[in-house]
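Report on the following structure.
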2 protein chains.
Amino acid sequence: MTRTLTRRTTAADVAREAGVSPATVGFVLNRTKGQTISEETRARVLAAVEVLNYKPHHAARALRSGKSKIVLLVLPDWPLEHSLRTNLEALTHTLGDNGYALITFTPQPHSSATPLWAVLEPAVVIGYKPFSAEDLAELKALGIRNIIPNPETPGMGAAADLESGPRLQAEHLLSLGHTKLGFACPPDPRLAAFVKTRLDVVTRVCIRAGLSSPVVRQVDYRDGSGPSAAAHWVAEGVTGVVAYNDDVAADVIAGAVRSGLSVPGDLCVVGHDNSPLASRYIPSISSVEIDMESLGKQSAHLALNLAEGYPMPASPLSAASLVHRESTTHTTRNDSVLRKSPRS
Amino acid sequence: MTRTLTRRTTAADVAREAGVSPATVGFVLNRTKGQTISEETRARVLAAVEVLNYKPHHAARALRSGKSKIVLLVLPDWPLEHSLRTNLEALTHTLGDNGYALITFTPQPHSSATPLWAVLEPAVVIGYKPFSAEDLAELKALGIRNIIPNPETPGMGAAADLESGPRLQAEHLLSLGHTKLGFACPPDPRLAAFVKTRLDVVTRVCIRAGLSSPVVRQVDYRDGSGPSAAAHWVAEGVTGVVAYNDDVAADVIAGAVRSGLSVPGDLCVVGHDNSPLASRYIPSISSVEIDMESLGKQSAHLALNLAEGYPMPASPLSAASLVHRESTTHTTRNDSVLRKSPRS
DNA sequence: CCCAATCACTAGTACGTACTAGTGGTTCTA
DNA sequence: TAGAACCACTAGTACGTACTAGTGATTGGG
């Protein structure tokens, strides 16, 4: 009579309770195609599941089928931006609605931890940056074939539009009459590739408009780079600065104000991501809003398509748009809120 | 000769390659206690592992042993604060160094997704807020006994010190001579419990100093609450405001500036978390720094203790400290950077 | 009315691991 | 020199699921 410390409820228990074979339970629960089950039996099984509070054992399922209902998202170890977070939420939600769990995972460079993909038998692995050759080899060795982005299946990239954001930033400043632009980038070396992409776009816009290339400066709130960068830009005749993101934009503004300049009076600044900080700052920061929610949904559908051949929805071109705020507005009521501080 | 689509390398393959039995491979790889293996055999097995690039199959291991090297951290669905992120990183790292993977997971309220704990066979489940009775029942039904915080093992709480932060905030303002305080809270209902805890602490400090209770106002950058709250506080004679965190502090400052007040001239503001925003803002925001890294490490050791009986290190009392910046500094050089805008 | 096809199931196995019970062989003790 | 103790291993099984092959019963066509 004494059970071994309350065993787990298994499909066999359910089968006994419902008076059927374990196989039937499996058929009912998995809606196995090509197997017909009478309505009455199905109901009896489901009732037994309910009564015994049966939960399938993930490990056993993964072992048997070699699959799991897990999508693994590999995040880079660079700082999580606000926009990414929104993206993540949409992704989690859409996958969740389809019975998949999203696990995010940031590989630690110097950790001895086993990478999660070796551990989880994930149905799909998504990388926010392309995988290294090593990682790809390991994934293949583990039999994971659903990989995004996949070098063997071009077009399976996590279709992020990396260009329209910076283009909008630059065009915004040009349309306001600025003729010499600055570009403010964060010091984090892990962001270098992205910084380069965005700078290239801005440079291209400038050249095409017959202007000189943007004046690039690194800005960070932790060192004294803000004020000197601002002074440098103004000395070079720059009047509008494209910032890598809203955080950097804030650092630029802080630098300008602290070196006695006014924003937007002496320097206009555009951010990127439209994070809460952009609304929150004084002056409020003009920024590019990217529809991260539909981007997240798109990634989810891509993953589901790979995992189960769900149909792909017509890709809704993710729209980037510019939110115009004080940091690029010359003459408004709010302009008077902040004033250049008196020199000497 | 034709294999079934390149089968996975198993322990049996390793055994064959090394010329031993599968059991021996297991003994070598798991360093099974109470089992002696000759140095020669051990080396042969390890060499075979290397040659075949063998990776143990997690699902099979989890199935057989009922355990996994996974610690599941259940995050609330309220906004991730900056300090939490630091905490997470330390936690991930410490666990990783011990061969455990940390998976974070935010249950989606209206999603049909299976909770990850039902799926992963985690060694430990940590909740940043206490689990509901329902969740606890489910965890128990799944045979997961390592739960933090655990109502059945008091003292197994994720030992967060929720009180010293707000106490420092209030005492800082009092020490600067403020005699009537305001308290600024965020509107998010999911934070209500934390808001209450912090407000209670601030109130207690005020009462004990012979002052009246703080004047509470909700502030959010998305509605117009900032300016009106600031005006209200000043009208009530409040000169120092304790903000729930740095984001809220920024909203308070923005509100004050936009209603024609000066910070810290008319109103001093203290934040909480010492996020980048606090240094970045103009004026820079005084804030409470909490040593989230050692907190994270402590949680990790708690989890390892539960999972494998690792010894607990002497708990390093997590120190909270106040970082003094412009937002509570009456007369400094920087004070002149921002000025009250002229009325009318 | 007979054979085929379909229905509604069941018996039984494989997935890859961890570990128990056992097995020869050697060394040590009395 | 018998027996105990130990060493270094192996055979084999259980974990819980998904699914293949098979099995009686019913239906359908000619």
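Within every chain, numbering begins at 1; the chains are lettered A, B, ... in the order of the sequence lines, protein sequences first and strands thereafter.
Here B:S38 reaches the OP1 or OP2 of D:dC9: one of its side-chain N or O atoms lies under 4.0 Å away. Taking only side-chain nitrogens and oxygens, B:S21 comes nearer than 4.0 Å to OP1 or OP2 of D:dT10. A sub-4.0 Å separation between OP1 or OP2 of D:dC7 and a side-chain N or O of B:T36 is absent.
Atom pair B:H57:NE2 and C:dA14:C1' shows a separation of 12 Å (rounding to whole Å applied). Following rounding to the nearest Å, B:R16 (CZ) and C:dG16 (P) show an atom-to-atom distance of 12 Å. Rounded to whole Å, atom C1' of D:dC15 lies 13 Å from atom CG of A:D13. What separates CZ of A:R44 from P of C:dA8 is a distance of 13 Å, to the nearest Å.
Between A:L29 and A:V45 there is a side-chain heavy-atom pair separated by less than 4.5 Å. Side-chain contact between A:E17 and A:V14 is absent, with no heavy atoms from C-beta onward closer than 4.5 Å. Annotation: side chain of A:R44 is not in contact with side chain of A:T24 (no heavy-atom distance under 4.5 Å). A heavy-atom distance below 4.5 Å is not found between the side chains of B:V28 and B:V25.
The 5' end of DNA chain D is approached more closely, in terms of each residue's nearest nucleotide, by B:G19 than by the other of B:G19 and B:L63. Looking at which nucleotide of DNA chain C each of A:I37 and B:A12 is closest to, the 5′-most match is held by A:I37.
A side chain to side chain contact (heavy atoms under 4.5 Å, CB included) with B:N146 holds for exactly one of B:V125, B:I126, B:V124; it is B:V124.
In this structure, B:R61 CZ and A:L63 CG are separated by 13.0 Å, a value rounded to the nearest 0.5 Å.
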Restricting to nitrogen or oxygen on both sides, can you table the protein-nucleotides 18-22 of chain C pairs closer than 3.5 Å?
{"residue": "C:dA18", "atom": "OP1", "partner": "B:R61", "partner atom": "NE", "Å": "2.7"}
{"residue": "C:dA18", "atom": "OP1", "partner": "B:R61", "partner atom": "NH2", "Å": "3.4"}
{"residue": "C:dA18", "atom": "OP2", "partner": "B:N30", "partner atom": "ND2", "Å": "3.0"}
{"residue": "C:dA18", "atom": "N3", "partner": "B:R64", "partner atom": "NH1", "Å": "2.9"}
{"residue": "C:dC19", "atom": "O4'", "partner": "B:R64", "partner atom": "NH2", "Å": "3.4"}

